[in-house]
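Quick notes on the structure that follows.
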Amino acid sequence: MLRPAVLLLLAACAAGAFAEPPPEPKVEKTVAEDDQVRIEEVKVRGETKKVTVKNKLTKAPDYEIVVTDAGRESAGGSGTGLSKSGSGTRVWRVINF
């Protein structure tokens with residue numbers, strides 16, 4: 001009587017081993033543009049990962065907004081000096097490789 005239950009359990013474990021891998025995360029790229037700036041936003045799984053702002057009128061360098069992950073922020077801060085408001089911090093790239 002125990003033998004069919006053991007075979008059924010082994011079959012279920014074997015089926016789980018051949019299951020499909022999880023799907024790749026959904027990546028969305030959004031561009032908002034007007035006469036003065038172009039804003040490019042990258043979201044992964046619905047969470048904003050990267051925002052780049054490009055100025056069209058002046059020769060000001062492009063800058064990136066580093067978005068803080070509010071879900072991982074501790075009560076005492078991360079020690080990085082970044083704001084905890086969730087709006088992010090502007091960062092200018094000095095050297096590109």
Side-chain angles (χ1 to χ4, degrees):
M1 190 70 179
L2 184 62
R3 197 167 252 205
V6 172
L7 290 175
L8 189 60
L9 181 63
L10 286 174
C13 290
F18 295 112
E20 293 182 22
E24 291 293 319
K26 181 180 178 185
V27 178
E28 299 175 54
K29 295 181 182 180
T30 308
V31 176
E33 190 170 358
D34 65 6
D35 296 340
Q36 298 177 0
V37 294
R38 175 184 174 101
I39 301 170
E40 299 173 357
E41 180 180 17
V42 178
K43 288 185 176 185
V44 179
R45 294 185 184 104
E47 182 179 335
T48 303
K49 294 294 183 179
K50 182 178 179 180
V51 178
T52 305
V53 179
K54 299 179 181 183
N55 194 338
K56 292 181 175 181
L57 296 179
T58 65
K59 295 194 180 216
D62 303 344
Y63 63 93
E64 183 176 327
I65 298 175
V66 177
V67 182
T68 55
D69 187 2
R72 296 180 187 227
E73 187 68 36
S74 65
S78 61
T80 61
L82 299 175
S83 67
K84 291 174 52 175
S85 67
S87 60
T89 305
R90 289 175 293 212
V91 177
W92 283 267
R93 300 262 181 221
V94 178
I95 299 173
N96 287 330
F97 292 94

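Both backbone and side-chain heavy atoms feed into the values below; hydrogens, waters and symmetry mates do not.
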**Study point:** Beyond-backbone contact of Val53 with Ile65, side-chain heavy atoms, under 4.5 angstrom
**Key:** yes
Check your understanding: With a 4.5 Å heavy-atom cut-off, do Ile39 and Val31 have their side chains touching?
Key -> no
**Study point:** Listed partners of Pro25 passing side chain to side chain contact (heavy atoms under 4.5 Å, CB included), at least two apart
**Key:** Val44, Arg45
Exercise for review: Show the numbers, then the answer: is there a salt bridge (Lys or Arg N to Asp or Glu O under 4.0 Å) between Lys54 and Glu40?
Suggested key: CA-CA 8 Å; Lys54 299 179 181 183; Glu40 299 173 357; 3.4 Å; yes
Point to revise | Donor-acceptor contact present, side-chain Lys56 to main-chain Asp34, <3.5 Å | key: yes
**Study point:** Nearest-0.5 Å distance, OH of residue Tyr63 to CG of residue Asn55
**Key:** 8.0 Å
Exercise for review: For the pair Lys49 and Glu41, find out whether any cationic side-chain nitrogen is under 4.0 Å from an anionic carboxylate oxygen.
Suggested key: no
Review point. Out of curiosity, Thr52 OG1 to Lys50 NZ, how far, rounded to the nearest 0.5 Å?
Key: 4.5 Å
